[in-house]
Structures are given as C-alpha cells and as structure tokens.
Protein chains: 2
Amino acid sequence: MRDLVAGSAPGTAAPSERDLVERFGVARMTVRQALDALVAEGVLQRFPGRGTFVAPPRRKPSRVASFTEDMATRGTVAESRTLAAEKVRAPAGVARALGLGPREAVLRWRRIRLADGSPVCLSDCYINAALAPGLLDGPDLPASLYDELAARGRRPTWAEDSLSAGVATPEEAALLECKEGTVVIRLTRRALWEDRPVEVSRSVYRADQHTLSFQLGV
Amino acid sequence: MRDLVAGSAPGTAAPSERDLVERFGVARMTVRQALDALVAEGVLQRFPGRGTFVAPPRRKPSRVASFTEDMATRGTVAESRTLAAEKVRAPAGVARALGLGPREAVLRWRRIRLADGSPVCLSDCYINAALAPGLLDGPDLPASLYDELAARGRRPTWAEDSLSAGVATPEEAALLECKEGTVVIRLTRRALWEDRPVEVSRSVYRADQHTLSFQLGV
DNA sequence: CAGTGGTCTAGACCACAGT
DNA sequence: CTGTGGTCTAGACCACTGG
C-alpha cells in the first residue's frame, strides 16, 4: 500500500480513493482507513476537492534524548563510571519533584559520563523506585538508564530541562578531570512517564568539551 | 460529544460505541469517526475488548518557544532594544544554514533582550527574506519575531538548538552590562517552517541572570 | 462540468476482555 | 458467555476544485 508512494517526490499525486477501490477491489471506507494511517504518519496530505499528495518530508519528532543516544548520534562512544548506585530516602526537594512523600525510598545513581574515554559529564540521578523496582539491583548496572526504562515500558515521554552555567567546583573539577573554574553547564531534568515523574537529575557538563543540543518539535 | 467525558477523571469508562449509536441515532462508523478525533487529541484511549476510557492528562506538546513567551511564562516582562535591523547579503555560514545561495539577501535583526528592564540576552538573528518579506520594513519593528512569523503563517514548527557556555567577551559584557568574564550561555538555533529554514540565530545569555528551560515532548 | 475528498448509512464478521 | 473495539462492505449525498 505505502509502496504506491514510497520514494515519490513530495507533491506527487497519489491515486484517488476511487481508483484504489477499483484496483484493490475493496470498499472506499477501507481505502480511507488505510490512507488515514499514512496521513497520520505524515506520509500523505489530503486536499479536499483536489486530491491526495505525497507530503513534504517531516522532521523527526522531538523526543527526550538519553545521553547514550545523544553520543551515538555524534558518533562517539558513551561510557560511564558509577560513583554510587543505591536505594536511599529521598531528600525533600527530590521527593517533591518526584511527587513522593518525604523520605520515601528512591534509587540514586551517580555517574561520571565519558565520551570517547574522557569525562564530560557528572550526573546525579534520582529514580522513582515504585516505577522501576530493582533497577539497580542486577549483578550489572544497566548500560543506559533510558534503555532500561524503555525495556520496562517506562521510558520518559516528557521532560522539563532547566539550564544554567557556572564554573566547576573543586569536587566537580576533580571528577571531571579539569581545572577548577572551568566553565560548566548545569542541567536539571524532571522526566515524566505518562504524567508520572520517573526521574529527576542534575548534571554538570564540561562546557569546553561538550555542546548540548535539543530538537524541538511542533 | 466531548461533553460526555469533559472533566471526567482519567480512567473513567466512556459510553460504548453501540451505546452512542442508539443514543444519537447514527451509524457506528460515524460514532467511531467522532471518537477517532478525540483519541487523536489524546482525550480518550481505546482498549480492544475492554472499552474506551478517559485518557490521563497529557503534557502540552513541546513547541518551539519564543523569548517573549518564555518570559511571559515566568511572569516577567520581555522588552528589547534593537541594535540593527537591516537587509544584508548572507554570510556564507548563514546562507548555508538557511539553504540559500551565498550572498543572497537575508534580514538581520540584532537585539538586546531585557527581562524586567535588565539585559539578559544578546541575540543576532538572520531571517530568510523570501519567507518573511518586509518583516523589518514597517514603521515599527515587530514586538515579537515569532508572533510576527505566526501572523504570516510561518511560525517555526521545528528547531534545533545547540548550547555551549563560556565567558563574555568585552563587547558582550558592554552590551549586557555585566563584567567581562561573566559566564554566559551561547545558543545557536536553526528554526524551520515546514522543513524550510526560516531563521538562524546566535544568542548569548547572561548565565548569572537567566536560566534556560526546555520542555521536551514524546 | 467531472473528479476529488468528507461524511454518512445499516448492516456484517472478527479477536479479544471479563464474568 | 456477552460486550467491547477493529475491520469491512456497497452503496449514498455533500462541498469543493479545476478545467
């Protein structure tokens, strides 16, 4: 079905609905449902009175990106060193951001993130334990938090990021293997799955090594 | 139609399709089309074999935000001082980013952006003149670039932002009324409308005064 | 004008949930 | 088992577009 238009130049007219009815020997409502799917996908566009046409290419929808993915799109290898992976009672601010009562259990995962072997980011992540039980319990820690959440059907569908910049504290400088006073970007993220907070995190990126990028949809 | 579920708690069952057929005296396909619209809007969710239910509330889709909107959501007043508003031949890099030939005409708009009266951002924006003819020609400059583009049906539907951080140059410091060496966030944006580049810009934010935020959708 | 998509009817059979 | 949504048929009339 979609073969009929695959690879066609944008603006090319698709066969009319009544054409397809004849060609496939089905009812017109059936044809329309098939076309509806392609329209929803953005492959086709309909113009009443004129016809159905191949839509101009669409940008990928914006999507909450994981560090791992982000690195992959740059062609660099993401690794991480875990500094802490534990179940703790949520600090007040974290509990509030996760919509939990104070001192409820959360998972904390603190990592240094490396790109091609050199440290670019220090991340401190709190995960709603109720939504991802045992996430940090296995013999091996997950390679990617978002992949692991995806495997549990809990990948964030929405996130709010706040960005500021400053200079590295002595501790940050030591962990990121840079000079104290290096300019860093601080990113705070609150990520939700189906309107329920899954993760809050604070990350510190070496700004001299790393550029953050965002794709913003519609 | 949507009154039937307006305000209902998420998870509430909607009337079944056959119910609605009787209630409104229409065909089932008609009911389904009406429901399809609500499902597409995210108001309802269908579960085969079980029924149709009120969907959990959805986050607003991520959307390319304008400085003006961004300020409004913070409850602060956005203003700007125009440093330059002119038609120029596009520098090579800008031309490439806008998908134009070298030295084609583009609109350049350079502004200092103020939040509650104090400078927070220096922005240098190049606009594809073909997509927004005369944008800077009126007796008054637009109050908001994105509002003005929206009025012409050319509001960006997609954008790609790159963020880095550094320290203010002497010129930037003078314009932003801060000390040389103040930490700043540099943001490069390429904004498209229907897959055609509309705007590329470079902005410099005082990081000690301003936090950038992003909402990222699905 | 003829052709297009948009909407609608009054049925039908299927796969699947929950009881 | 009954009731649900998912899919399908073979028509129909409408408003709109373009020549």
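Keep in mind that the numbers below use all heavy atoms, side chains included, and drop hydrogens, waters and symmetry copies. Just so we're on the same page: letters track the sequence lines, and every chain starts at 1.
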Given atom CZ of B/R32 and atom C1' of C/dT9, what is their separation to the nearest angstrom?
-> 16 Å
CG on A/L187 to OH on A/Y205, rounded to 0.5 Å = 6.0 Å
Per side-chain contact (heavy atoms from CB on, under 4.5 Å), A/V106 is matched among A/N128, A/L100, A/V200 by A/L100
May I have the distance from A/E22 (atom CD) to C/dG3 (atom C1'), rounded to whole angstrom?
-> 13 Å
Atom pair distance, as rounded to whole Å: CE in B/M29 and P in C/dT9 = 11 Å
Separation of C/dC14 atom C1' from B/R28 atom CZ, nearest Å, is 11 Å
For B/A14 and for A/A27, locate the closest nucleotide of DNA chain D by heavy-atom distance; then report the residue assigned to the nucleotide nearer the 5' terminus.
-> B/A14
note: B/F24, atom CZ; C/dA10, atom C1'; distance rounded to Å ~ 19 Å
5'-most by nearest nucleotide on DNA chain D - B/G51 or A/G25 | B/G51
Rounded to the nearest angstrom, tell me the gap between atom CD in B/E17 and atom C1' in D/dG6.
-> 8 Å
Rounded to the nearest Å, what distance is computed from the CD atom of residue B/Q33 to the P atom of nucleotide C/dT9?
-> 10 Å
Secondary-structure stems, DNA chain D, at least 3 Watson-Crick or G-U base pairs under 3.5 Å | C:1-16 with D:3-18
Phosphate OP1/OP2 of D/dG3 contacted by B/R18 side-chain N/O (<4.0 Å) = no
Would you say C/dT4 has OP1 or OP2 under 4.0 Å from some side-chain N or O of A/S16?
-> yes
Salt-bridge criterion met for B/R18 and B/E22 (N-O under 4.0 Å) | no
Could you tell me whether B/R89 and B/E104 have a side-chain N and a carboxylate O separated by less than 4.0 Å?
-> no
B/T30 side-chain N/O to C/dT7 phosphate OP1/OP2 under 4.0 Å | no
Of all heavy-atom pairs linking B/V184 and B/R206, the shortest is CG1-CA, 4.3 Å
Taking only N and O in the side chain of B/R50, is any of them less than 4.0 Å away from OP1 or OP2 of D/dG3?
-> no
Hey, are A/R189 and A/D161 close enough for a salt bridge, meaning a charged N less than 4.0 Å from a carboxylate O?
-> yes
Atom pair SG (B/C125) and CZ (B/R110), whose distance is rounded to the nearest 0.5 Å | 12.5 Å
Please state how far atom CG in A/L20 lies from atom P in C/dG3, giving the value in whole angstrom units.
-> 16 Å
